[in-house]
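Beneath this line is the structure, given in structure tokens, with notes to follow.
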Amino acid sequence: MARPWYLLADIGGTNARFGIGDTQSSDLHFLCTEAVSDHPSARSALESFLSRVRASGEWEPLPAEGCLAVACPTDEPVITFTNSDWIIDKQDLALFLKLDRLSVINDFSAIAYATTSLGESNWEQIGPGAEQQQQPIAILGPGTGLGVSGIFRDGGEARVLSGEGGHVDFAPVGPEELEVLRVLLGRYKRVSAERLLSGAGLQNIYWALSELGGTPSVHATPADITTSAVASEDPVAVASLMLFCSVLGGVAGNLALTLGARGGVYIAGGIAPRILGFLKNSPFRERFVAKGRFRDYLDAIPTRVITADNPGLLGALTYLKQRS
């Protein structure tokens, strides 16, 4: 007999990840990834996923309920993505899926929900610190963009703080970052944290340092810059990734102070897990705690890189389970 299921999606600017949530457990099944560039719309990518689910014969043709975690604000009936051309009409998509209830939440809200069920095997800690139970948790992560969220406990229930903190102003520290900001202001009207802390942001840093040093830009993609930096092949690439990690630490520390995140700071997104060794040996943690009189306050807060697969899908399932 075909089994009932929850539709889960984690849709970013580069990839759309889909999965099945078991209605009777917290297990994820039938995971697949679609490149955003391969589909003209979210509906097209969903149709591709649903056709595979139906072909399996194991699950009912349509989900019992669904939750989409998306990389953009979710308040409006029609959602426009920040870092892709996709648009989601909530009502139209719910009718297409024949769902009475289709939840659409921010992708980093989903990551926040996921943190409530992550264990030590799902993250790597950088530096000292121990989480304080029932205290707020901060989440941020560079990927195609820069996602930010928070979570706190209200009794036994998890309450998520959803916002667009990746678009706050970039606050440089020290002469090098001031020069990078000056160069980037020549290209952009405004420089947000995301202009440095994202895949495109790493390219911006590399381009700016190349410009300042009078050297040619030889790496065309963030992956090329990262590979060269990790292998210590190109001094400018190394300096770029080092500055990236330093700025990430600074922004993470600012967020921890803002939220009072004594429950810990979690780094998510596609970049941090891939540069974990480099990040551990970078100025990330020192920059995190370098907040003057509040150094001791921050030194007690753990910073952890999420290494679990598909935390966005896990968070979407956690959200549905919490609502049921």
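- Residues L248 and R287 form no side-chain contact, since every pair of their non-hydrogen atoms from C-beta on lies 4.5 Å or further apart.
- Taking each heavy atom of G12 and A71 in turn, the nearest pair found is CA-CB, 3.9 Å.
- A continuous path of ILVMFWY side-chain contacts below 4.5 Å connects L202 to L181, so both sit in one hydrophobic cluster.
- Proximity of a side-chain donor or acceptor of S117 to a complementary backbone N or O of A114 within less than 3.5 Å is detected.
- Cluster membership for V168 and V265, using ILVMFWY side-chain heavy atoms within less than 4.5 angstrom, is not shared.
- The backbone N or O of H39 lies less than 3.5 Å from a partner atom in the side chain of W86, making a donor-acceptor pair.
- No continuous path of ILVMFWY side-chain contacts below 4.5 Å connects L146 to V173, so the two sit in separate hydrophobic clusters.
- For the atom pair OG1 of T226 and CD1 of I271, the computed distance is 6.5 Å after rounding to the nearest 0.5 Å.
- At distances below 3.5 Å, at least one donor-acceptor pair connects side-chain atoms of K321 with backbone N or O atoms of S25.
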Show the numbers, then the answer: is there a side-chain contact (heavy atoms from CB on, under 4.5 Å) between I20 and L28?
CA-CA 6 Å; I20 284 176; L28 300 176; over 6 Å; no

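- Judged purely by atom type and a 3.5 angstrom limit, T318 uses its side chain to pair as donor or acceptor with the backbone of L314.
- Looking only at side-chain heavy atoms (C-beta outward), F108 and V148 stay at 4.5 Å or farther from each other.
- Between the side chain of E76 and the main chain of T80, no donor-acceptor pair closer than 3.5 Å is present.
- When each of R153, R304, R262 is paired with E131, the salt bridge (charged side-chain N to carboxylate O under 4.0 Å, His left out) condition holds for R304 and for no other.
- A salt bridge links R3 with D22: the distance from a Lys NZ or Arg NE/NH1/NH2 to an Asp or Glu carboxylate oxygen falls below 4.0 Å.
- In this structure, K90 and P77 have side chains that are not in contact, with every pair of non-hydrogen atoms separated by 4.5 Å or more.
- A tilted orientation is assigned to the rings of W59 and H29, their planes being inclined by 30° to 60°.
- Using a 30° and 60° split on the angle between ring planes, F288 and F284 fall in the parallel class, below 30°.
- The shortest side-chain heavy-atom distance between V53 and F18 does not fall under the 4.5 Å cut-off.
- Relative to the ring axis of F170, R195 does not place its NZ or CZ within 45° and under 6.0 Å from the centre.
- Between V251 and L196, the closest side-chain pair of non-hydrogen atoms is not below 4.5 Å.
- Here the closest non-hydrogen pair linking I306 and A268 is CD1-CB, 4.1 Å.
- When side chains are defined from C-beta on, I301 does not count as touching Q132, because their heavy atoms never get closer than 4.5 Å.
- There is a path of hydrophobic side-chain contacts, each under 4.5 Å, that joins V180 to L197.
- Considering every non-hydrogen atom in both A290 and R295, the closest pair reads CA-NH1, 4.1 Å.
- At distances below 3.5 Å, at least one donor-acceptor pair connects side-chain atoms of S240 with backbone N or O atoms of V236.
- Closest non-hydrogen pair, A69 versus D107, comes out as CB-CA, 3.9 Å.
- Closest heavy-atom contact between A158 and T116: CB-CG2, 4.0 Å.
- Between the CG atom in L161 and the OG atom in S109 there is a gap of 8.5 Å [rounded to 0.5 Å].
- With hydrogens and angles disregarded, no donor-acceptor distance shorter than 3.5 Å links the side chain of Q135 to the backbone of I137.
- Annotation for A138 and L259: closest pair CB-CD1, 3.9 Å, computed over non-hydrogen atoms.
- The neighbour count for D38 CG, taken as heavy atoms of other residues, nucleotides or ligands under 6.0 Å away, is above 12.
- Using cut-offs of 30° and 60° for the angle between ring planes, the H219 and Y206 rings count as tilted.
- Residues L320 and L8 are in side-chain contact: their nearest non-hydrogen atoms beyond the backbone lie under 4.5 Å apart.
- At a threshold of 4.5 Å between non-hydrogen side-chain atoms, the residues L257 and Y297 count as touching.
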Before giving the answer on salt bridge (Lys or Arg N to Asp or Glu O under 4.0 Å), spell out for E211 and R187 the whole-Å C-alpha distance, their side-chain angles and the decisive distance to 0.1 Å.
CA-CA 12 Å; E211 182 88 0; R187 173 176 283 193; over 6 Å; no

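- Under a 3.5 Å cut-off, the side chain of E65 and the backbone N or O of L99 do not form any donor-acceptor pair.
- V160 and L118 end up in the same hydrophobic cluster when Ile, Leu, Val, Met, Phe, Trp and Tyr side chains are linked at under 4.5 Å.
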